[in-house]
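Single-structure report; data block below.
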Amino acid sequence: MRKLVATALIMLVALLGGCSGDGGATGDKPGSGSPHDEEWEYGTGYVLEKADGRLLIVSKEFEAGATSEDVLKLGSIKAIWLKVDAGPYEEAALGDHVRITVVGAVAESYPEQGTGSIEKIE
């Protein structure tokens, strides 16, 4: 019986120890080269692509004619696919500098994905 209790305690300690920490996720730590290194509060960005009622907005200005593939493969630029209302979607043009308001949760994929609104910055 003592062996069973001792084994159960050891397993419990091992289980609790295994649940702590960051799980070895080093991809988002500073210096890792991850796009998450750069702080971006979704304040402003540039419209890179439009598709299906969503705008691909990136944190840094890009060269005219650059494709989303060209820009995103750099990996150091923050980006979000933002689902917006039809009016702002239609009015947005590639390269526009916009103020972003994100509403609700953001999927932490790359590019990130969320819902919100934009306002063109002149």
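This one's a predicted model, so the numbers in the text were calculated from it and none came from an experiment.
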Decide yes or no for [X] and [Y]: does some side-chain heavy atom of the first lie under 4.5 Å from some side-chain heavy atom of the second?
| X | Y | value |
| --- | --- | --- |
| Val102 | Thr115 | no |
| Leu48 | Leu94 | no |
| Thr44 | Val98 | no |
| Glu108 | Gln113 | no |
| Val71 | Ser68 | no |
| Pro111 | Leu72 | yes |

Which pair of heavy atoms, one from [X] and one from [Y], lies closest together, and at what distance?
| X | Y | value |
| --- | --- | --- |
| Ile100 | Gly45 | CD1-N, 4.0 Å |
| Val84 | Ser117 | CG1-CA, 4.2 Å |
| Ala79 | Val58 | CB-CG1, 3.9 Å |
| Ala93 | Val47 | O-CB, 3.6 Å |
| Ile77 | Ser59 | CG2-OG, 3.8 Å |

Specify whether His97 and Tyr46 have parallel, tilted or perpendicular ring planes, treating 30° as the upper limit for parallel and 60° as the lower limit for perpendicular. parallel
Pair Lys78 + Glu112, salt bridge at N-O below 4.0 Å: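 Answer for the salt bridge query: yes.
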Quick check with a 6.0 Å cut-off and a 45 degree axis cone: is Lys50 positioned over the face of Tyr89's six-membered ring?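 Yes.
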Taking atom CG of Leu82 and atom CD1 of Ile118, what is their separation to the nearest 0.5 Å? 7.5 Å
How many angstroms lie between atom CD1 of Ile57 and atom CD of Glu49, to the nearest 0.5 angstrom?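 These two atoms lie 12.0 Å from each other.
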